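Every chain is numbered from 1 and lettered A, B, ... according to where its sequence line falls, protein lines coming before strand lines. These numbers come from a predicted model, not from an experiment.
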Protein chains: 2
Amino acid sequence: MEKNLKRMATMQRMQSVGLAIFYKRGYYDTSVDDVLKELSLSKGAFYYHFKSKEEFFISIVQNIIFQKVYSELIAPIEGLEDPTFILDKCFDSALETTEHNDLDNGFVLSNFITEFNGKNPAIIKLLNEILRVWEVNLITCLQKGKTDGYINRHVDSEAVASYLMSSYIGVRLLMVEGNAKLLRYKFMQQLRSYFKTIIVKR
Amino acid sequence: MEKNLKRMATMQRMQSVGLAIFYKRGYYDTSVDDVLKELSLSKGAFYYHFKSKEEFFISIVQNIIFQKVYSELIAPIEGLEDPTFILDKCFDSALETTEHNDLDNGFVLSNFITEFNGKNPAIIKLLNEILRVWEVNLITCLQKGKTDGYINRHVDSEAVASYLMSSYIGVRLLMVEGNAKLLRYKFMQQLRSYFKTIIVKR
DNA sequence: TTTGCAACAAACCATACGGTCTTTTTAATG
DNA sequence: CATTAAAAAGACCGTATGGTTTGTTGCAAA
């Protein structure tokens, strides 16, 4: 009975280490042996747990990446307060973790979307689905803000959501250049300025 | 004397085709043979003109990518008019070419920055330099807008430049999902809204 | 016409990759 | 302790890659 638990533990360890290396060096430039070396495991162990490298990566997307994006960008904006206030806090803290975590430069989703685009439609579809969840949640958040009197009724929620996603994805990429702290400061400053264009004026 | 011309022509053809394939499938997932097959050339031809695959790519960055970014995003904003007007036109037309060109989804620079990040510092440095040129030009454009009475004097030009770059890079990535036309419309709409926060109010 | 070199062809090499297969170790159960 | 199946080891295979080398073609200058 405990076997199943160990199995799960090993698989999760593999996925966790796998993501770190794939994220750092890219999927196609990381060999299965690279991952196994970091894990001190053998090919036998890998192909006992996973059918292929691709299936391994797909399980990482479903089990880790989705949760990561959800906990960092989606869950935090499901409150009832002023959307611009919630979004401000959410983006700021998301960028803060980026700032302090060297392994977290760039943006997991956009990095892999870039890498798999045109090569692996199945994985692209998976990754885009995560983006969609984020988008839908942003739109819902903004719409609620309208009915609650925070957001101007004439605002195009879908357009704002796209614009927010764009700027976030972009700034995460610019952060790979270094100087994440300054960039975060600039970004948040302009984001707040932009928020003024969508709130209800008092 | 004409030999040199032919040499240049062949090299340029190689670079042009090389960029197209690297852009589509990624650098590491494209073999030299893949490029040569498209060119109907042999290994001998390739290694006669270029020392290595890496040097080949570097020449592409310097000779093609830089020019592409320059003509699309940098040169157009060197006018004397209202910066928000110039930038509006520049971004809109840049996104329009994206919309109509299937080979042009994503953003050349950000795609490759993502791919080479953490793997090839030399190439990363090259690509970042291009970003810097873009950034400096944006800042200059905005500063001139201040002295010309278009942009509010209290605006942080560097922050605005970063924010503009971020949102553009991000929206280009979102466009790989398809529906570039709608996304462009939404983006430009919000960009114009954002511009209202930095102009001089009359 | 002959020479010489630029331009290319293509066989070849070492290495590294994803994946398979057989064998060994580990650990729960009787 | 013996049994058994899960878990892991690691040698092995076919293929593809970046790069080298040797050979061939074509054209300009003598």
Side-chain angles (χ1 to χ4, degrees), chain A residues 1-61 112 115-116 118-123, chain B residues 1-61 112 115-116 118-123:
Chain A
M1 258 313 85
E2 294 305 307
K3 287 273 178 157
N4 213 354
L5 266 182
K6 187 189 180 186
R7 179 186 175 84
M8 300 279 281
T10 304
M11 287 177 76
Q12 283 209 342
R13 192 172 140 258
M14 284 174 161
Q15 290 167 342
S16 174
V17 171
L19 174 57
I21 306 185
F22 284 144
Y23 191 26
K24 193 172 179 184
R25 306 188 213 161
Y27 175 83
Y28 290 106
D29 200 38
T30 301
S31 69
V32 173
D33 280 324
D34 287 339
V35 179
L36 292 171
K37 195 179 172 188
E38 190 73 24
L39 286 162
S40 298
L41 283 176
S42 67
K43 277 243 169 82
F46 184 85
Y47 284 96
Y48 174 75
H49 290 291
F50 299 98
K51 210 182 74 193
S52 68
K53 186 189 178 188
E54 178 176 336
E55 200 207 44
F56 175 57
F57 184 79
I58 289 177
S59 80
I60 288 177
V61 174
F112 287 127
E115 183 167 11
F116 288 106
K119 293 182 216 163
N120 192 319
I123 291 182
Chain B
M1 258 310 84
E2 295 305 308
K3 286 270 176 159
N4 214 353
L5 266 183
K6 187 186 180 187
R7 178 186 174 85
M8 301 279 281
T10 305
M11 286 177 78
Q12 283 209 343
R13 193 172 139 256
M14 285 176 161
Q15 291 166 343
S16 173
V17 171
L19 173 57
I21 307 186
F22 284 143
Y23 191 26
K24 193 173 179 183
R25 306 188 213 160
Y27 175 83
Y28 289 105
D29 201 38
T30 301
S31 70
V32 173
D33 279 324
D34 287 340
V35 179
L36 292 170
K37 195 178 171 188
E38 190 72 25
L39 286 161
S40 299
L41 283 176
S42 67
K43 277 246 169 79
F46 184 84
Y47 285 96
Y48 174 76
H49 290 290
F50 300 97
K51 209 182 75 194
S52 67
K53 186 188 177 187
E54 178 176 334
E55 200 207 46
F56 175 55
F57 184 77
I58 289 177
S59 80
I60 289 177
V61 174
F112 287 128
E115 183 168 12
F116 288 106
K119 293 182 218 166
N120 194 318
I123 291 183

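- The distance from atom CE of A:M14 to atom P of D:dA7 is 11 Å, rounded to the nearest whole Å.
- Atom C1' of nucleotide C:dA7 and atom CZ of B:F50 are separated by 13 Å, given to the nearest angstrom.
- Atoms CZ (A:R7) and P (C:dA27) sit 17 Å apart, rounded to a whole Å.
- Rounded to whole Å, atom C1' of C:dT25 lies 13 Å from atom OH of A:Y48.
- Considering only side-chain N and O atoms, B:T10 lies under 4.0 angstrom from the phosphate OP1 or OP2 of C:dC8.
- By the side chain to side chain donor-acceptor pair (under 3.5 Å) test, A:S59 is found to be paired with A:Q15, residues two or more places apart in sequence or in another chain being considered.
- Taking atom CE on B:M8 and atom C1' on C:dA7, their separation rounds to 16 Å, with Å as the unit.
- Note on B:H49: every side-chain N or O is 4.0 Å or more away from OP1 and OP2 of C:dA6.
- Side-chain contact between B:E54 and B:I123 is present, with heavy atoms from C-beta onward closer than 4.5 Å.
- Atom-to-atom, CD of A:E55 to P of C:dT20 comes out at 12 Å; the value is rounded to the nearest Å.
- The interatomic distance linking A:L41 (CG) with C:dT25 (C1') rounds to 14 Å, in whole Å.
- Residues satisfying the side-chain contact (heavy atoms from CB on, under 4.5 Å) test with A:D29, not counting sequence neighbours, are B:Y28, B:K119.
- For B:K53, the side chain to side chain donor-acceptor pair (under 3.5 Å) criterion is met by no residue, not counting sequence neighbours.
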Sequence neighbours excluded and cut-off under 3.5 Å, please list the side-chain donor-acceptor pairs for residues 37-47 of chain B, or say none.
residue : atom : partner : partner atom : Å
B:S42   : OG   : B:G44   : N            : 3.4
B:K43   : NZ   : B:D33   : OD2          : 3.2

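- In this structure, CG of B:L36 is placed 14 Å from C1' of D:dA16, rounded to the nearest angstrom.
- Under the rule for a side chain to side chain donor-acceptor pair (under 3.5 Å), the partners of B:S31 that lie at least two apart in sequence or sit in another chain are B:D34.
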Using a cut-off of 4.0 Å between protein heavy atoms and nucleotide atoms, how would you tag nucleotides 17-22 of chain D 5' to 3' with B, S and -? SBBB--
